[in-house]
Amino acid sequence: MSERWYKEAVIYCIEVDSFQDSNGDGCGDLKGLTSRLDYLARLGVTCLWLNPIHPSPQRDDGYDVSDYYGVDPRLGDLGDFVELATQARGRGIRILLDLVVNHTSDEHPWFRSARSDPASPYRDWYVWSTAEPSDRRQGMVFPGEQTETWTFDDVAGQWYFHRFYDFQPDLNWSTPAVRTEIKKVMEFWLRLGASGFRIDAAPFVLEQISPGVDPGPLDFSILDDWRQDVQWSSGEAVLLCEANVSADDLPKYCRAVAGGPNDRAHMLFAFGLNAKLWLALAREDAEPLVEAIGALPRLPAMSQWATFLRNHDELDLSKLTDEQRGDVMAAFAPKADMRIYNRGIRRRLASMMKGERRRIELAYSLQFTMPGTPVLRYGEEIGMGEDLALPGRESIRTPMQWDASRGAGFSTASPTDFVRPVLSRGPYAAKRVNVRAQRRDRDSLLRWFEELVRVLRECPEVGVGEPSVLDVPLPRSVLAHRFEAPEGSVLLLHNLADVPVRIDLSAIDVGRHPYEVFADSDYGALQKDRSQVQLNGWGYRWIRLRRGD
Ligand code: BGC
């Protein structure tokens, strides 16, 4: 099957400053990342999503940009970016950049100018209020770390709006010059070799803010424009929206408007599915997933979900009920310091699964067989853990663990000079969990991930074809679903509990020669009448039913 590239991609999310240092200063950089492209190619990833790489005071890990046209000098320069993009392309790997344009850093020259002079051409690039807004203490995204959304600026003598931290003033998207400028920014990076953007905080970019009143309807014309602009400058460029909104609102982020312009975003993160996946894992019950797959809004043919289990932020459970969230917390974040913002978990997957290899495989097999394109966070492929001694979301942003040395092969600098400390204690420490050791071990998690990605590539209908959940009686813990496409059909079985089961698939048409392409262990051939199909505790089986050829 030759679909649009992003539909058959495996996306790998990288924090460049934590991945590989090339110059021994303790900070990962673009040259370091370039030197690891062969590793990534072997893993089978086809697209890198880089967390922000621009100059920034780094008060929100680069999500506070102070120059959209540059590269953070800690990471290298524009030439290094072009070299990375070129080398990646040579290995069939594309690059997506984070487009963080809901807000800038308060140190961005635009904001400096705006605040210092009411007559500045940049004044109305931001959102101001002369009087104290009555809703000043509402709508915070980071409760506990943020106390207001409007802050009085002594220099400007006015209040400015910030959906996120107070050092991230929101850009005013109703100002035409802002739109024109960001269009230039996008064009700039596409020309330098990027293949698209992850749109940070998309719903907040589109909201229209005035002091003291509820935000007006979202302005989707911004997305319409972006889609047209990127399409015009590069036929392959994609927009991937971060929009953690209700299922009803999601399709608007990519839907073509009747009689109007082209589609909007190409891809949307499947936040709802993510939360339900975790609920299903916690309860060892397939029901939340059956429901979530059934409830996934239909997207236009050219659009696609981006699935994930862990990303660079907290695992956000805000869309679950209190009881559901309580169950996920109890199972995977039993201690208070594992939780954050009253809604999420600041841990990596392997440690949430208590290092239980079979359960880690089950979780990722599930993710990689959900409708959509899988997104994998760096280090998950070797089962890295978190460092809860670090503040907030930093806990899951520790340096990549390449080998067992003190610096984990991340950097030759003294570890005390590292951008973040290497995980050096406990079961997930670099000396126990690292690429070099797993590379040598045929049974390692890393080798398993390589196989997972390879098999996924051989089953192009998985994630892309028409999904359906089998309508047969099954144990509560079992999810049985399939994908149909002109090219073929694959049946997926997953057991969310650690208790072996036998399931009856005799009522299912499995075609004439079904055969297993991937499984947690060797189950042998499917018996003829398929009334006693086995599945180990936390087991999974991918069974090819049909090929279109
Ligand atoms: C990003 C966060 C960031 C925030 C502010 C989010 O949606 O994923 O990491 O802190 O936007 O830019």
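Both ligands and their constituent atoms are indexed starting at 1 by order of listing. Computed from a predicted model, the values in this text were never measured in an experiment. Nothing fancy with the numbering, it's 1 onward along the sequence.
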query = With a 4.0 Å heavy-atom cut-off (strictly under), which part of F142 contacts ligand 1: side chain, backbone, both or neither?
reply = side chain
ask   = Can the ring centres of Y12 and Y378 be said to be less than 6.0 Å apart?
value = no
inquiry  = Can you confirm whether or not the ring centre of W110 sits under 6.0 Å from the ring centre of Y68?
reply    = yes
message = Tell me whether Y165 has any N or O atom under 3.5 angstrom from an N or O of ligand 1.
response = no
inquiry  = Please check whether H103 reaches ligand 1 - meaning an N/O of the residue sits under 3.5 Å from an N/O of the ligand, judged on distance alone.
reply    = yes
task = May I ask whether R59 has any heavy atom positioned less than 4.0 angstrom from an atom of ligand 1?
result = no
request  = Examine R94 relative to W5 and say whether NZ or CZ is less than 6.0 Å from the centre of the six-membered ring and inside a 45° cone about the ring axis.
outcome  = yes
Distance filter under 4.0 Å to E242 heavy atoms, resulting ligand 1 atoms = 6 (C), 7 (O), 8 (O)
query = Which protein heavy atom lies closest to atom 1 (C) of ligand 1, and at what distance to 0.1 Å?
reply = D200 OD1, 3.2 Å
N/O donor-acceptor pair under 3.5 Å between K183 side chain and V178 backbone = no
query = In the protein, what heavy atom is nearest to atom 4 (C) of ligand 1, and what distance, to one decimal place, separates them?
reply = F164 CE2, 3.7 Å
inquiry  = Which of the numbered atoms in ligand 1 are under 4.0 angstrom from any heavy atom belonging to R393?
reply    = 2 (C), 3 (C), 9 (O), 10 (O)
query = Below 6.0 angstrom between ring centroids: does that apply to F81 and W189?
reply = yes
message = For atom 10 (O) of ligand 1, what is the closest protein heavy atom, and at what distance to 0.1 Å?
response = D60 OD2, 2.6 Å
message = Using the ring centroid of each side chain, check whether Y63 and H312 are separated by less than 6.0 Å.
response = yes
Where ligand 1 meets D313 - atom numbers and elements under 4.0 angstrom, heavy-atom basis = 1 (C), 2 (C), 8 (O), 9 (O)
query = At a non-hydrogen distance cut-off of under 4.0 Å, which region of R163 contacts ligand 1 (side chain, backbone, both, or neither)?
reply = neither
key: cation_pi(R325, W278) dist<6.0 Å, angle<=45   = no
ask   = Looking at W226, does the NZ or CZ of R264 lie under 6.0 angstrom from its six-membered ring centre and within 45 degrees of the ring axis?
value = no
